[in-house]
**Student:** 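Take a look at the following structure, please.
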Amino acid sequence: MNLGDPTLINPPTSSATVTAVGERENSAKQHRDNPSLPVGNAGWRFRRLAIFLVCLLGLSRLTHAAPEVTIVADDQQPQVAFAVQELEAALAKREHRVSHAPFDQATNTKGAHIILTTASDATLTSTMRSQDITPSDSLKPEGFSLRQSSDRQTTWVIGADAAGVMYGGLELAEMIRISDLSAVGSVDQNPHLSFRGIKFNCPLDDRTPTYENHNGDSEAKNVLVMWDASFWKACIDNLAHFRYNSLSLWNLHPFPSMVRVPGFESIALADVVAGKETRKMSMDEKIAFWREVMRYAKSRNVSVHVVTWNIFVPGPEGINSSHGYEGLTPENSDPKTTEYFRKSVRQMFLTYPNLAGIGLTAGERMGNISKEQKEMWAFNTYGQGILNAVAEEPDRKFTLIHRVHETDVKEITNVFAPVIQQPKIDFLLSFKYAKGHVFSSTIQPFAKKYLKQLDGQKTLWTLRNDDNFFFRWGAPDFVREFIRNLPKDVTTGFYYGSDGYVWGREFLSKEPESPRQLELDKHWYHWMLWGRIAYNPDLTNERFAQLLGVRFPEIPADDLFTAWQEASMTYPLTTGFHWGALDFEWFIEGCRSIPSAAKNESGFHDVDRFISLDPHPGTDNLSIPKYVDAVTAGKTPKGTTPVQVSQQLQTHADKALKLLDAFPKVSDNELRQTLGDIRAMAFLGKYYGHKILGSTEVALYRRTKGKSHQDKAITELTAAAKSWERYTATAKAQYINPVRLNRTGVCDWKALTAEVAKDVEIARTTVP
């Protein structure tokens, strides 16, 4: 079984089985909803008919075995070999016997055939013509066509290139799992976005952390995971299934853990330090490890990029030390530091032949210098380092990603012109499209000035999810609308991920697997949505429901799909109303931001914070003060009011909970935990629905002195507290808590419950 394939868990043996299960559950549900339905003789007749059909199905299987399928492919290409592997597994689940044949015997054998080829491969042209097979004439890189011969005996997977063959093969395997080989029709797909990456915080060592404060539990728990080959293979297989083609590894200063820099050899780190544990590992072994990770990624059409912040230098006391080894200092004017960075970049290029590129951030720790000075430092280190390496390997393609952070496009393009002009270097700009929260609005206004600066250049978007860490999220409609709203004419693609979390192995489950489950396995639906929809935004909700049905056959797939999407809307509706732009300014799953010791604040967002904080500027949501101004002035509020946002949250949550309550008790552990997550998100939505309305009533009471507003506020905030208790009880049944998060500190649901209760007291004691 392939760990990266979400559709391989508990697939049904046939579509008839899925139908029978659905009918049984629907019948049981009808009887629960209407106990007057007959269950006597009529019910027994139905059961006898069902038994007869099952026996008939079994007899049919004995007498009409699934036909043999011959796969014809050039499996010397690793991407194609991966597709063949997935097709073999899918066909085996449908009880087909599988054989293989070379291209020159493509249709000489009897039975059904699957032929995988590129559109440019001339060896099968005559065979395609004889079967009247014509792929799309507009295939782009990574695109594919699926075709079937008129007798439905031969299915063609025709890719624009090896990657297209792989994606076409994965698509066909998925269709086989959902129905069967005979149901495949004509399919043409090209990637909507050419660059579909993930942002992966990569803690290589306690001495080279991913983030400056280096205090998150997810980072501490995952240092050694980063040096586990089995983790990366499963992770990369996931990325291929989800249609991502880039893995960006983010670290403050990765060089000491990845390269031996000439002239600065003593900076290279032997071993791996993780807390009190040290894993023995030489620098040569480390280099061999990452070479293999990058080679494996390339075999799945996944390019690897390493992205850094600046200026951070290694030191005897860790990355935050003010004085580093070899006399390095974190000063932009230090010539030795500049030399070290330049040589480090060159060495990364030369050490890793399958490294696709490097990304840099100018301005993160550069002091009070001009934008031009920041860019000159970046060019003298990263730019010149790449140019030096290209001079040694002139035929190698390489990408330089330059984040536009505390700098601007004009300075970047002026200073980096010598790099941009290199024919083999792909120079990409990158911008934080939705600040710290993609789960806020499908319309994001923050790049307006940046877009005007681009002047026809293409860009990558940084899509940050610093909202959803605990629960399995899944709202395809939101993702689809978000992707379609990206400015297509200038968008190369995106990398999607978090600053405050390491998506390595999960570490919070009270029922852990051994080894612990990959976060990308646990959150497979969430990560699949962003990758698959970025490749093909026309992918329907029906397909997603079918995938859920294959993975979780115990309950009606359409109902699971709906409940999951409804509960997941808690995130954008809440954060679209209660907007803290940066990751440390708002964390929805804990209703908090980073605490301020100076202000004696716990970090909890109470009623007063909900009243004062403005909505997301990409929505038409009306803030509580503006709503109160309009109402008290006798005017009709313009936009979506706090009352309406509250109603939307309640409606979504109630729909989800109603569906959840109708499901039978399930036996599959993953499904049970998934339903628990959906329930937790729904209760969280009810909490914020009551809190927003209660906060609005507090504000109205303060303005109007109307006692009825205070009474309503107390009622709503009391209901909010009850919803919070149900939310945290559901969550704590599955997850260890408290947990320290990298950007917002400790999330302690028990301690926060006391803070939630104080909101009711604010309503009781507020003075108008």
Side-chain angles (χ1 to χ4, degrees), residues 3-4 198-211 214-240 246-261 265-300 302-309 312 314 318-319 344 347-348 351-356 358-359 497-498 501-508 512-522 742:
L3 294 175
I198 74 167
K199 176 187 183 298
F200 190 101
N201 292 338
C202 186
L204 297 168
D205 194 289
D206 279 359
R207 297 164 290 179
T208 54
T210 58
Y211 225 88
H214 186 47
N215 63 0
D217 289 344
S218 68
E219 181 170 325
K221 298 288 187 181
N222 275 291
V223 172
L224 295 180
V225 173
M226 299 301 96
W227 301 95
D228 177 2
S230 65
F231 166 80
W232 285 113
K233 288 183 177 181
C235 174
I236 291 164
D237 283 350
N238 269 327
L239 297 184
S246 175
L247 167 64
S248 62
L249 304 174
W250 292 56
N251 188 281
L252 285 179
H253 194 83
F255 308 115
S257 291
M258 296 187 73
V259 290
R260 188 182 288 107
V261 182
E265 288 84 358
S266 66
I267 292 180
L269 293 173
D271 306 328
V272 178
V273 176
K276 296 180 180 180
E277 188 173 354
T278 298
R279 177 178 294 178
K280 292 295 182 181
M281 200 171 192
S282 69
M283 180 51 66
D284 287 340
E285 289 173 323
K286 291 181 177 182
I287 290 171
F289 178 87
W290 287 109
R291 282 178 175 170
E292 174 57 20
V293 169
M294 294 176 195
R295 183 207 63 77
Y296 191 84
K298 188 175 182 179
S299 77
R300 300 294 185 261
V302 175
S303 60
V304 177
H305 303 80
V306 174
V307 185
T308 71
W309 288 266
F312 296 88
I319 205 75
S344 295
Q347 201 63 27
M348 283 284 284
T351 300
Y352 296 104
N354 287 318
L355 178 65
I358 287 178
S498 310
Y501 205 77
V502 175
W503 294 95
R505 291 190 185 274
E506 71 81 21
F507 61 99
L508 294 170
E513 297 180 6
S514 182
R516 281 189 173 266
Q517 190 179 30
L518 271 68
E519 292 278 16
L520 265 65
D521 281 339
K522 173 190 169 183
N742 203 38

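Numbering of residues begins at 1 and proceeds along the displayed sequence.
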**Student:** Any non-hydrogen side-chain atom of Thr208 less than 4.5 Å from a side-chain atom of Leu269?
**Tutor:** yes
**Student:** Atom CG in Leu224, atom CG in Leu204: separation rounded to 0.5 Å?
**Tutor:** 11.5 Å
**Student:** Where do Tyr501 and Glu519 come nearest, in terms of heavy atoms and distance?
**Tutor:** OH-OE2, 3.0 Å
**Student:** Determine the sole option in Arg279, Arg505, Lys233 for which the salt bridge (Lys or Arg N to Asp or Glu O under 4.0 Å) test with Asp228 is passed.
**Tutor:** Arg505
**Student:** Name the one of Gln517, Arg516, Lys221, Lys522 that satisfies side chain to side chain donor-acceptor pair (under 3.5 Å) with Glu506?
**Tutor:** Arg516
**Student:** Distance from Met283 atom CE to Asp271 atom CG, nearest 0.5 Å?
**Tutor:** 10.0 Å
**Student:** Kindly give the heavy-atom pair with the smallest separation between Val273 and Val223, and that separation in Å.
**Tutor:** O-CG1, 3.8 Å
**Student:** Scan Thr308, Asn201, Val304 and name whichever one has a side-chain contact (heavy atoms from CB on, under 4.5 Å) with Leu249.
**Tutor:** Val304
**Student:** Which pair of heavy atoms, one from Asn251 and one from Pro254, lies closest together, and at what distance?
**Tutor:** OD1-N, 3.3 Å
**Student:** side-chain contact (heavy atoms from CB on, under 4.5 Å), that's the test. Do Asp217 and Leu508 meet it? Break it down for me.
**Tutor:** CA-CA 10 Å; Asp217 289 344; Leu508 294 170; over 6 Å; no
**Student:** If I take atom CZ from residue Arg207 and atom CG from residue Leu252, how far apart are they, to the nearest 0.5 angstrom?
**Tutor:** 15.0 Å
**Student:** Flag the pair Phe231 / Leu518 as yes when at least one side-chain heavy-atom distance between them is below 4.5 Å, and no otherwise.
**Tutor:** yes
**Student:** Which pair of heavy atoms, one from Ser257 and one from Asp205, lies closest together, and at what distance?
**Tutor:** OG-CB, 3.9 Å
**Student:** Name the residue from Phe255, Trp227, Tyr296 that meets the ring pair (Phe, Tyr, Trp, His ring centres under 6.0 Å) definition with Trp290.
**Tutor:** Trp227
**Student:** Would the distance check show the side chain of Asn222 and the main-chain N or O of Trp503 forming a donor-acceptor pair, the cut-off being under 3.5 Å?
**Tutor:** no
**Student:** Quick one: closest heavy-atom pair of Ile198 and Ser248, and the distance?
**Tutor:** O-OG, 2.7 Å
**Student:** In Å and rounded to the nearest 0.5 Å, what is the CG to CD distance from Asp521 to Glu513?
**Tutor:** 8.0 Å
**Student:** Kindly indicate whether the side chain of Thr351, heavy atoms from C-beta on, has any atom under 4.5 Å from the side chain of Arg260.
**Tutor:** no
**Student:** Mind checking salt bridge (charged side-chain N to carboxylate O under 4.0 Å, His left out) for Lys276 and listing every partner two or more places apart, or none if nothing turns up?
**Tutor:** none
**Student:** Would the distance check show the side chain of Lys298 and the main-chain N or O of Leu355 forming a donor-acceptor pair, the cut-off being under 3.5 Å?
**Tutor:** no
**Student:** Tell me whether Glu277 contacts the main-chain N or O of Ala274 through its side chain, where contact means a donor paired with an acceptor under 3.5 Å.
**Tutor:** no
**Student:** What distance do Ile236 atom CD1 and Arg300 atom CZ have between them, rounded to the nearest 0.5 Å?
**Tutor:** 8.5 Å
**Student:** Can you name the nearest heavy-atom pair linking Cys202 to Trp232, along with the distance?
**Tutor:** SG-CZ2, 4.4 Å
**Student:** Would you give the length of the straight line joining atom CZ of Phe289 to atom CE of Met281, rounded to the nearest 0.5 angstrom?
**Tutor:** 6.0 Å
**Student:** Can any side-chain N or O of Lys199 pair as donor or acceptor with the backbone N or O of Ser498 at less than 3.5 Å?
**Tutor:** yes
**Student:** Would a 4.5 Å heavy-atom cut-off, applied to side chains only, mark Ser246 and Ser303 as touching?
**Tutor:** yes
**Student:** Could you tell me if the side chain of Leu520 sits less than 4.5 Å from the side chain of Leu239, heavy atoms only?
**Tutor:** yes
